[in-house]
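First listed ligand is number 1; within each ligand, the first listed atom is number 1. Sequence positions, counted from 1, serve as the residue numbers for this chain.
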Amino acid sequence: MKVYFKELRFSTDKMYQLVDITYDVEKAVRESGVRNGICLVFAPHATAAIVANEHESGLMQDILEKIREEFPRNGGWKHNRIDDNAAAHLGSAFIGADRVFPVKDGRLIRGTWQNIFLVEMDGPRSIRRVIVEVLGE
Ligand code: ZN
């Protein structure tokens, strides 16, 4: 079995932001040489997440608005007593910091309306890392 590991780096310029990382993830899958297997996309951060959905500007705003609504900045969270970003931790915990995709015939499988996004919830950050690990044959 092949194991291919790549670390991608992105910067964000807003507190809440969706960064479309589809191109870079698919490039990593091609570089891996894996024909059939799985692709893990993982953000090693407690205040960011990974999602797959449509790259449509209205929907992208809707997703961020829903996150803000679900995890309000001033929600009386205890973590805000030491670090004013509990909302971002909650978003990361409940949305999840990873997604797994099938790889078949050398290509990552995703729906037509499923681009892959890094979800920034505590930006701006000069560096947000995303790990892409491709496993298979
Ligand atoms: Zn914190």
ring-ring contact (aromatic ring centres under 6.0 Å, His included), that's the test. Do H89 and F71 meet it? Break it down for me.
CA-CA 9 Å; H89 285 277; F71 310 106; over 10 Å; no
Return the name of the atom in H79, of element N, O or S, nearest to the Zn ion (ligand 1).
NE2
Go through the side-chain N and O atoms of S126 and R9 and say whether any donor and acceptor fall under 3.5 Å apart.
no
Checking R110 against N115: is there a side-chain donor and acceptor pair closer than 3.5 Å?
yes
Kindly give the atom name of the N, O or S atom of D83 closest to the Zn ion (ligand 1).
OD2
Does E65 pair with R68 as a salt bridge, N-O distance under 4.0 Å?
no
Quick check for you: with the Zn ion (ligand 1) as the vertex, what angle do OD1 of N85 and NE2 of H89 span, to 10°?
100°
